Amino acid sequence: MKKATLVVAGAMLAAVSMGASAAKPAMSHQEKQDFAAKAQKKATALRATQPRTEGQARATLKGVAGGGMAIRVPTELWTTLGVQHEANGAVRMTEADGTSAPSPEGLPNE
Amino acid sequence: MNKKLLALSMAIGTALCGMANATDIVPVYADAAGQGYFDPTPAAPLPGNPGTTVGEQRRIVAQFAADLWGTILQSDQPIGIGARFTPLGPNVLGSAGATFVFSNFPNAGVPNTWYSAALAESLSNQDLTEGEIEIDSNFSTDFAFYYGLDGTTPAGQISLLDVVMHEFGHGLGFQNFENEAAGTFLAGVQDIYSVYTFDNTQSLFWTQMSVPQRQASALNYGNVVFTGANAVSGAGLVLGPRTGFRVIAPAGIAGEYNYGTASFGAPVTLSNFNGTVVVGLDPAIPTTSPTTTDGCSPFTNAAQVAGNIAIVDRGSCGFAVKAANAQAAGAIGVIIANNAPANPPPGLGGSDPTVTIPAISVTQADGALIKANTPAQVGFVVDPTHLQGADNAGRPRLYMPQPVAPGSSGSHYDTAMSPNALMEPAINDSLNAALNLDITPNLLKDTGWHVNTGTAVINGCNTEVKVVTDAGIITGANVVATSNLIASTSANKDQYMSRMESYRDNLLALGLISGRQGGKIMSCAAKIGKTPKR
């Protein structure tokens, strides 16, 4: 095989390898634990102040770097997952809004 | 260049490109010691879940779900998901949602449009929340979930994995940020999900509508669809042929009608629900059942009903009572017309083991139409040219019930889908989110997510098992999540290898991988270094 060909092929392989490794490597187990520990401290405060209504959320509307906007999502736009028991013992889940519990009843009987 | 070398280079390049990066999704547990995710109550290990306490089994499920989604979706920004078990009241399983939405960030696909935090960070490759969690989730301590990961949820139980995968799906972006009852967008800004939400009646996207038009669309059951190209192509691979309740004659009302099913009687089939519809009549009892069409008493026109399908009105007595009276009159089936304007028609609850005929419900308006045109010929038919749960163009339907169900309307696939989809508002134990996410990843791809089109990588090695197929089968993601789980719960490499071998054998037995892929899984497993501490 010609030397020049080997050089070109080597360069191609190196480029491809670099491309593949350019993606950020996955976190290690320890890194995930550290990430979670750091985030957990902030999450407690965040959860305590998550707006419930859109009116409350509007107060959190702010500009972000680069000209963008951000707003916290009111929990009334989250989903709450509920469960219904059917008479035959089967269960099924239904969702309602974040401020009201799903119907505590099963399927209507009448 | 030497052709062989070029081919080798290309092959290596292709292989490496297929090994795409995943997303680090990290559950951020918020429970105090001894509670929720740290509940020390002893628990017997379950299939796929070797945890020995309730808390450990819950954490294993949450991490497994995080690893599944993290393998499927690609982002260089880690996603923190707040995770907490807490009392939520009777029959409430959990809640979840994005903590923030962003617009006009770098690389935002559509300007002036909200994107959920996790997606916005993926697209911009920036930590837009500045270290805050991107999604928050709560699950109930009051409910006995099934914590197994094998998809064999016992009857009467609910798989926590299915619930977590569903809710994480919302947090990742399977959701609009619109108040359907009011017709308004959050802070007046459209969202990326609504960019693809299209009303077939108005021929408008939600982002093109006025507030009143959007309010009306949110009630337009069966006629609002998701138009993203990936979701549409996935629907063609996943959804079965359309099976519908059809009025065949008279011609003036012929067509397909929405229907609800019952928890009693025989399941409706193509063969047991065909015939002539006759109104079932019974005596009017002023104090208990004041109409002659409520079916609450023995029928007075049994001779006409016998051998036909009876139609009666909802109200005054249980659905099963009406069905029993219809059956006693000789009916081969019963239709119960709703007594209030709602769509889709309600599911029929109740129990009576003596009822053996099939029962369905129809809307109040449809019931009135059918009753006004009796005797009518009806039946269940299969239309192989269209998809169940999609419009005639093959676009998957979104759930738009009447009246609005806040938090459910819009942000789910329609309950009419068959097979059942993960992101329907009422999910059940027919799902197995450990291996099948149907057209959920497709929809997320349409909103801007980079979905991993490559193959599963474990221990830095390519298993050649596709992470997710176009039809939402996530065998490769399952390989990664399972390898992570086994590695984190094995005492040493020998135990890891032994458990991976059993897992590989299961995949082979299920026909989910080829023999070659099974071999690759084991050769990749052998590359593991030290197993992390449990």
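Here the structure is a predicted model, which means the values were calculated and not measured. Worth knowing before you read on, the calculation uses all heavy atoms, side chains too, and leaves out hydrogens, waters and symmetry mates.
The part of B/Tyr29 that comes within reach of chain A is its backbone (N, CA, C, O), which places non-hydrogen atoms under 4.5 angstrom from that chain. Proximity to chain A is absent for every atom of B/Glu134, based on heavy atoms less than 4.5 angstrom apart. Contacts between B/Glu178 and chain A at a heavy-atom distance below 4.5 Å involve the backbone alone (N, CA, C, O). Only the side chain of B/Asn138 comes within less than 4.5 Å of a heavy atom in chain A; its backbone stays farther off. When heavy atoms are compared at a cutoff of 4.5 Å, B/Tyr399 does not approach chain A at all. Of the atoms belonging to B/Ala96, it is backbone heavy atoms, and not side-chain ones, that fall under 4.5 Å from chain A. In this structure, the portions of A/Ile71 lying under 4.5 Å from any heavy atom of chain B include both its backbone and its side chain. In this structure, chain A has a heavy atom under 4.5 Å from the backbone of B/Ala83, while its side chain stays farther away. For A/Pro74, the part lying under 4.5 angstrom from a heavy atom of chain B is the side chain only.
A donor-acceptor contact shorter than 3.5 Å links the side chain of A/Gln50 to the backbone of B/Thr99. Checked by atom type and distance alone, the side chain of B/Asp24 pairs as donor or acceptor with a backbone atom of A/Met27 at under 3.5 Å. In this structure a side-chain-to-backbone donor-acceptor pair under 3.5 Å is present from A/Glu54 to B/Ala187. Although no hydrogens or angles enter the test, the distance criterion places no donor-acceptor pair under 3.5 Å between the side chain of A/Lys38 and the main chain of B/Gly131.
By the 4.5 Å heavy-atom criterion applied to side chains, B/Asp136 and A/Trp78 are counted as neighbours.
Between the CH2 atom of B/Trp114 and the CE atom of A/Met69 there is a distance of 6.0 Å, given to the nearest 0.5 Å. To the nearest 0.5 angstrom, A/Arg58 atom CZ is 7.5 Å from B/Leu186 atom CG.
The shortest heavy-atom contact between A/Val73 and B/Phe100 is CG2-C, 3.8 Å. When all heavy atoms of A/Ala36 and B/Pro27 are compared, the pair lying nearest together is CB-O, 3.9 Å. Among all heavy-atom pairs drawn from B/Glu130 and A/Lys42, the shortest one is O-NZ, 2.5 Å.
Top candidate by heavy-atom pairs under 4.5 Å with chain A, chosen from B/Pro353, B/Gly82, B/Ala98, is B/Ala98.
Using modelled atom types and a 3.5 Å distance limit, the side chains of A/Thr79 and B/Gln175 yield no donor-acceptor pair.
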